[in-house]
S.K.: 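Dropping the structure in here first, questions after.
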Amino acid sequence: MTADASDLGEWRDDDGVWFRRAARVIAVDAAGRVLMMRGVDPAAHDHVWWITPGGGLEPDEDERAGAVRELLEESGIRLDPAELAGPVAVRSAMFSFDGRPYRQDEVLFFARLPESAHELDTTGWTSIEQASVTELRWCTADELDAVDEPIYPPALPSIVRGLLDRGWDGVAHTVD
């Protein structure tokens, strides 16, 4: 299955690498657990990873607006952009997905969710999410440390611990 670039807000650079801007949400529930998605590459089923909800921004879409749109589409959790702290982290990643090379520049926001936010709804998933997301679940930072599959960004468990212990320090930290 090859994703349509127009559906993902992507374009191809002159060197053939697909590029997109993205926004993610480190959504933490009242129990201190972060919402995670387990992904698998439709073109390489042995390539799996864990990420927070989020994804590609529409052309000219505000990062906060895109982050809450993606969170709603992928989890059913509705937030106002003003409820996001951050961006708490920024990163640029090179990866392969569905047989294509990608460069993604992304920002990560933080949100403490109300106790009522445990109900998850995946009916907003796109066809590419249906083909590539195998699990949506709440995880503690310790559980993330114990996962045998890659977590992106790799520093996520420590980012979550810092946000829970000290809150956001007002800085968008650059992470790998």
Side-chain angles (χ1 to χ4, degrees), residues 8-11 13 17-39 48-97 101-118 120 129 133 136-176:
L8 302 174
E10 304 165 343
W11 60 90
D13 288 340
V17 174
W18 290 85
F19 171 78
R20 73 178 189 168
R21 293 172 40 247
R24 300 198 165 283
V25 179
I26 300 169
V28 176
D29 70 3
R33 300 174 303 170
V34 63
L35 184 59
M36 298 297 295
M37 301 172 67
R38 183 179 184 268
V48 297
W49 61 87
W50 288 88
I51 55 174
T52 61
L57 298 173
E58 301 296 329
D60 301 320
E61 184 176 27
D62 174 78
E63 293 169 341
R64 286 177 180 275
V68 296
R69 175 186 53 78
E70 286 284 339
L71 181 65
L72 177 62
E73 290 172 0
E74 294 177 348
S75 70
I77 296 172
R78 184 179 305 276
L79 291 179
D80 185 277
E83 294 177 89
L84 298 177
V88 300
V90 296
R91 68 188 292 254
S92 184
M94 295 288 295
F95 58 93
S96 176
F97 180 77
Y102 280 90
R103 181 175 63 94
Q104 178 168 282
D105 292 343
E106 65 185 27
V107 295
L108 289 91
F109 293 94
F110 174 61
R112 287 187 185 266
L113 303 176
E115 195 148 329
S116 61
H118 285 94
L120 301 176
E129 289 160 346
V133 179
L136 184 65
R137 76 171 187 206
W138 298 99
C139 300
T140 66
D142 289 344
E143 289 170 333
L144 292 177
D145 279 334
V147 169
D148 290 335
E149 298 158 336
I151 295 171
Y152 298 113
L156 187 63
S158 66
I159 293 169
V160 169
R161 285 186 187 95
L163 291 167
L164 291 175
D165 292 345
R166 298 176 300 280
W168 181 45
D169 63 6
V171 176
H173 298 274
T174 301
V175 297
D176 293 332

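Predicted, not measured: the structure shown is a model, and the values here were computed from it.
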S.K.: Got a second to check how far Glu63's CD is from Arg21's CZ, nearest 0.5 Å?
M.R.: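 Between atom CD of Glu63 and atom CZ of Arg21 there are 6.0 Å.
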S.K.: Grab the two heavy atoms, one from Ala89 and one from Ile159, that are nearest each other, plus how far apart they are.
M.R.: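 Ala89 and Ile159 have their closest heavy atoms at CB-CD1, 4.5 Å.
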S.K.: Shortest non-hydrogen contact from Ala65 to Pro81?
M.R.: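 Nearest heavy atoms, Ala65 then Pro81: CA-CG, 4.3 Å.
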S.K.: Roughly how far, to the nearest 0.5 Å, is OG1 of Thr52 from CE of Met37?
M.R.: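 The CE atom of Met37 sits 9.0 Å away from the OG1 atom of Thr52.
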S.K.: What pair of heavy atoms forms the shortest contact from Val147 to Ile151, and how long is it?
M.R.: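 Minimum heavy-atom separation between Val147 and Ile151: CB-CD1, 4.2 Å.
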S.K.: Can you name the nearest heavy-atom pair linking Phe97 to Tyr102, along with the distance?
M.R.: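 For Phe97 and Tyr102, the tightest heavy-atom pair comes out as O-CE1, 3.5 Å.
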S.K.: Would you indicate whether Asp60, at its atom CG, is surrounded by more than 12 heavy atoms from other residues, nucleotides or ligands within a distance under 6.0 Å?
M.R.: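 Open.
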S.K.: Can you tell me how far CD of Glu74 sits from CD1 of Ile51, rounded to the nearest 0.5 angstrom?
M.R.: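 Output value for this atom pair is 7.0 Å.
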S.K.: Rounded to the nearest 0.5 Å, how far apart are CZ of Phe110 and CH2 of Trp168?
M.R.: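 Answer rounded to 0.5 Å: 11.5 Å.
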S.K.: Which heavy atom in Val48 sits nearest to a heavy atom in Pro150, and how many Å separate them?
M.R.: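 Looks like O-CD, 3.3 Å.
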S.K.: To the nearest 0.5 Å, what is the distance between CG (Leu84) and CD1 (Ile26)?
M.R.: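 Those atoms lie 10.5 Å apart.
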S.K.: Do Glu129 and Glu70 make a side-chain contact, defined as non-hydrogen atoms from C-beta onward lying under 4.5 Å apart?
M.R.: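 A side-chain contact under 4.5 Å exists here.
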S.K.: Determine whether Ile77 and Leu120 satisfy the following criterion, side chain to side chain contact (heavy atoms under 4.5 Å, CB included), listing intermediate values before the conclusion.
M.R.: CA-CA 7 Å; Ile77 296 172; Leu120 301 176; 3.9 Å; yes
S.K.: Would you say Glu61 and Arg69 make side-chain contact, with heavy atoms under 4.5 Å?
M.R.: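 The answer is yes, as the side chains (C-beta and beyond) meet within the 4.5 Å cut-off.
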S.K.: Within this structure, what is the CG-CG distance for the pair Leu136 and Leu35, rounded to the nearest 0.5 Å?
M.R.: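 That separation rounds to 4.5 Å.
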S.K.: My understanding is that only one of Thr140, Val160, Val25 makes a side-chain contact (heavy atoms from CB on, under 4.5 Å) with Val34; could you say which?
M.R.: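 Considering Thr140, Val160, Val25, a side-chain contact (heavy atoms from CB on, under 4.5 Å) with Val34 is found only for Val160.
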S.K.: Are any non-hydrogen side-chain atoms of Leu144 and Leu156 less than 4.5 angstrom apart?
M.R.: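 The answer is yes, as the side chains (C-beta and beyond) meet within the 4.5 Å cut-off.
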S.K.: Determine whether Met94 and Val17 make a side-chain contact, defined as any pair of heavy atoms from C-beta on separated by less than 4.5 Å.
M.R.: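 They are in side-chain contact.
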S.K.: According to salt bridge (charged side-chain N to carboxylate O under 4.0 Å, His left out), who are the partners of Glu149, at least two apart in sequence or on a separate chain?
M.R.: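 Checked Glu149 against salt bridge (charged side-chain N to carboxylate O under 4.0 Å, His left out); matches are Arg38.
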S.K.: Would the distance check show the side chain of Arg91 and the main-chain N or O of Asp176 forming a donor-acceptor pair, the cut-off being under 3.5 Å?
M.R.: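 Side chain of Arg91 to backbone of Asp176, a donor-acceptor pair under 3.5 Å: yes, one is there.
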S.K.: If we only count heavy atoms from C-beta on, is the Arg103 to Ser92 side-chain gap below 4.5 Å?
M.R.: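 The answer is yes; the side chains approach within 4.5 Å.
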S.K.: Does a sphere of radius 6.0 Å around CG in Asp80 hold more than 12 heavy atoms from other residues, nucleotides or ligands, not counting ones at 6.0 Å or beyond?
M.R.: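 Yes, the 6.0 Å shell around CG holds more than 12 heavy atoms from other groups.
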S.K.: Taking the side chain as every heavy atom from C-beta outward, state whether Leu108 and His173 have any atom pair closer than 4.5 Å.
M.R.: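 The answer is no, as the side chains (C-beta and beyond) never meet within the 4.5 Å cut-off.
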S.K.: Can we say Arg161 and Asp142 salt-bridge, meaning some charged N sits less than 4.0 Å from an Asp/Glu carboxylate O?
M.R.: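 A salt bridge links Arg161 with Asp142.
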S.K.: So, using salt bridge (charged side-chain N to carboxylate O under 4.0 Å, His left out) as the criterion, who are the partners of Arg137 when residues are at least two apart?
M.R.: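 So Arg137 forms a salt bridge (charged side-chain N to carboxylate O under 4.0 Å, His left out) with Glu135.
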S.K.: Run the side chain to side chain contact (heavy atoms under 4.5 Å, CB included) check on Leu113 and Trp138 step by step: do they pass?
M.R.: CA-CA 12 Å; Leu113 303 176; Trp138 298 99; 3.5 Å; yes
S.K.: Specify the closest pair of heavy atoms between Val107 and Pro87, including all atoms of both residues, with the distance to one decimal.
M.R.: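 Nearest heavy atoms, Val107 then Pro87: CB-CB, 3.9 Å.
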